[in-house]
Visitor: 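Have a look at this one before I ask anything.
Position 1 is the first residue of the sequence, and the numbers go up from there.
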Amino acid sequence: MRAAGSPGAMTATGSRLKGLHCQGCSADLNAAQPTGTCPACGSALLAVYDLDSIAAREWWRSLSARPASLWRFRELLPVQDDSHIATLGEGISAILDLGRLPETGDLQVLLKDDGGLPTGSFKARGMTVAVSRAHELGLSSLFVPSAGNAGVALAAYAARARVKARIYLPEGTPTPMQRACARYGAGVVTVPGTIRDAGERARREEAGRGSFDVSTLREPYRAEGKKTMGLEIVETLGAEGMPDAVVYPAGGGTGLIGMHRAFEQLQALGLLDRAPRLLAVQPEGCAPLVRALRDGAPRATPWQTPHTVAPGLLVPSPFASDQVLEAVRATRGGGTTVSDEAILEAVDTIGRRYGVSVSPEGAAPFAALPGLLREGRLRAGERVLLYNTGSGIPFL
Ligand SMILES: Cc1ncc(COP(=O)(O)O)c(C=O)c1O
Ligand SMILES: [Zn+2]
């Protein structure tokens, strides 16, 4: 695999990408054009693959001999040619066995730690795929509103692909993240308010500049990168070793869509029988998705006066929330909320007890365990995987 833009012959990746499908009006679109949301109805678009053309068992077995980058799943990713892949070597993240916790008795707890991925968070997964595909489709300037991690990841992968990037960050974004974006050469704009304000400002300012929006679910390929979270869980634990549930800190919720797609596609390929329940955790001060799950609502309504210590979870009106809710419900999952105090306590406990540096977002699933048990969303004796989405180092 060469760096993006490096000279040499074209080598097909073997991607089985067939097209894009609108989640709102069911339109099928050609994936060869750069497309954000559905031109007809404005809904999110998701990638469609020709799964029938994959010899599933051989393909699955061949993965272990490939380089340890998420691009080993290239048949289920959208990039067509190797030379367009902008990679920083985003390797396989570890799944640590935390055993049984004093707080939660009989649960068997695993922690998947994406804190060691390039740029320190799981956002590397979505951005390596979105930037590579954007580069492949000839886009030369990208922008994103971000709580921090997505901005740092876009800045790094844009540098790698030699495309321009501009990042819109809420004013309260941790300073190391603001500095990191600039250090990778991206333009940085700070905006008062939350990511919603940053998004509005970004779309207003970038309209007419010919720059492409890589916001959560406003382009189809970040979700494909996040799909590798689910593919990797199955790859590491094996179909027989799957947890009963995955607990995930949800902001915009793309990770939930991504993991659901992974389990669905592996099921369609005959490689997985039983998918885990997806459990979304949000902070008490900003929980539009969990509120909608509890109310049985088809989509989230905007959260008034949002606040939390976990910047990545401060998403008061998630885009395409109907898709996120559908993904959770399809797995018979659900959601719960945690207080900021419980999040901060969990950051300390995970560091001291297990030697893992977690961000406040990454601590939220651990903090949620007692509540999930109390509410019956987890049952004694179950095996549960907590997703640490990012390192705690930028928060020190
Ligand atoms: C560390 C971390 N965890 C979780 C999230 C939320 O991710 P998602 O959009 O998949 O809900 C973010 C988003 O910024 C984040 O930075
Ligand atoms: Zn549509």
Side-chain angles (χ1 to χ4, degrees), residues 22-25 36-38 41-46 123 126 143-151 167-173 189-207 213-220 222-223 226 248-258 260 278-329 333-340 343 360-361 364 368 371 389:
C22 173
Q23 301 304 296
C25 70
T37 52
C38 174
C41 77
S43 299
L45 299 171
L46 290 178
K123 297 283 181 183
F143 72 92
V144 79
S146 163
N149 283 318
I167 321 290
Y168 290 78
L169 300 168
E171 251 169 18
T173 305
V189 183
T190 50
V191 182
T194 68
I195 192 157
R196 179 171 49 188
D197 305 294
E200 282 167 11
R201 167 86 173 270
R203 282 181 272 281
R204 213 170 42 240
E205 241 172 62
E206 298 291 335
D213 188 354
V214 290
S215 301
T216 300
L217 294 170
R218 288 182 197 264
E219 66 77 52
R222 278 176 69 190
K226 291 202 181 174
Y248 180 80
T254 348
L256 295 164
I257 293 190
H260 175 52
L278 291 174
L279 300 175
V281 182
Q282 295 202 289
E284 282 171 359
C286 186
L289 294 170
V290 173
R291 179 171 64 190
L293 285 167
R294 285 183 173 155
D295 293 350
R299 57 184 56 79
T301 49
W303 193 270
Q304 303 305 321
T305 57
H307 61 91
T308 171
V309 291
L313 308 187
L314 196 64
V315 185
S317 50
F319 183 67
S321 63
D322 48 347
Q323 300 308 311
V324 179
L325 299 172
E326 231 175 83
V328 172
R329 288 179 176 134
T336 197
T337 58
V338 284
S339 68
D340 278 356
I343 288 177
E361 297 87 348
T389 44

Visitor: Below 4.5 Å, heavy atoms only, C-beta onward: do Ser43 and Thr37 meet side chain to side chain?
Guide: no
Visitor: Quick one: CG on Leu278 to NE2 on His260, what's the gap to the nearest 0.5 Å?
Guide: 8.0 Å
Visitor: Got a second to check how far Leu169's CG is from Thr190's OG1, nearest 0.5 Å?
Guide: 7.5 Å
Visitor: Compare all side-chain heavy atoms of Ser215 with those of Arg203 and state whether any distance is below 4.5 angstrom.
Guide: yes
Visitor: Taking all non-hydrogen atoms of both residues into account, name the closest pair between Leu45 and Cys22 and its distance.
Guide: CD2-CA, 3.6 Å
Visitor: Just by modelled atom types, is the Gly312 backbone N or O under 3.5 Å from a matching donor or acceptor in the Glu361 side chain?
Guide: yes
Visitor: Work out which heavy atom in Lys123 is nearest to a heavy atom in Asn149; give both atom names and the distance.
Guide: CG-CB, 3.6 Å
Visitor: May I have the list of side-chain donor-acceptor pairs in residues 313-322 shorter than 3.5 Å, sequence neighbours left out?
Guide:
| unit_1 | atom_1 | unit_2 | atom_2 | d |
| --- | --- | --- | --- | --- |
| Ser321 | OG | Ala300 | N | 2.9 |

Visitor: Which heavy atom of Leu256 sits nearest to which heavy atom of Ala327, and what is that distance?
Guide: O-CB, 4.1 Å
Visitor: Go through the steps to decide whether Arg201 and Val189 satisfy the test side chain to side chain contact (heavy atoms under 4.5 Å, CB included), and finish with yes or no.
Guide: CA-CA 9 Å; Arg201 167 86 173 270; Val189 183; 3.6 Å; yes
Visitor: Can you give the donor-acceptor pairs under 3.5 Å from side chains of residues 284-297 to other protein atoms, not counting sequence neighbours?
Guide:
| unit_1 | atom_1 | unit_2 | atom_2 | d |
| --- | --- | --- | --- | --- |
| Arg291 | NH2 | Thr301 | O | 3.1 |
| Arg291 | NH2 | Thr301 | OG1 | 3.2 |
| Arg291 | NH2 | Pro302 | O | 3.3 |
| Arg294 | NH2 | Thr336 | OG1 | 3.4 |
| Arg294 | NH2 | Glu375 | OE2 | 3.4 |

Visitor: Walk me through whether Val281 and Val338 qualify under side chain to side chain contact (heavy atoms under 4.5 Å, CB included).
Guide: CA-CA 7 Å; Val281 182; Val338 284; 3.8 Å; yes
Visitor: Rounded at 0.5 Å granularity, tell me how far OG1 in Thr194 sits from NE2 in His307.
Guide: 13.0 Å
Visitor: One pair to check against side chain to side chain contact (heavy atoms under 4.5 Å, CB included): Asp197 and Tyr168. What are the steps and the verdict?
Guide: CA-CA 9 Å; Asp197 305 294; Tyr168 290 78; over 6 Å; no
Visitor: Determine, for Glu200 against Arg204, whether the closest basic-nitrogen to carboxylate-oxygen distance falls under 4.0 angstrom.
Guide: no
Visitor: For Ala250, is there any backbone N or O sitting under 3.5 Å from a side-chain donor or acceptor partner on Gln282?
Guide: yes
Visitor: What is the minimum heavy-atom distance between Val214 and Glu219, and which atoms define it?
Guide: CA-CG, 3.7 Å
Visitor: Side-chain contact, heavy-atom cut-off 4.5 Å: Phe143 with Asp213?
Guide: yes
Visitor: Quick check: do Cys25 and Cys38 have side-chain heavy atoms less than 4.5 Å from each other?
Guide: yes
Visitor: Sequence neighbours excluded, which residues qualify as side chain to side chain contact (heavy atoms under 4.5 Å, CB included) partners of Thr216?
Guide: Arg222, Thr254
Visitor: So, taking the atom named CG in Leu46 and the one named CG in Leu217, what distance separates them when rounded to the nearest 0.5 Å?
Guide: 7.5 Å
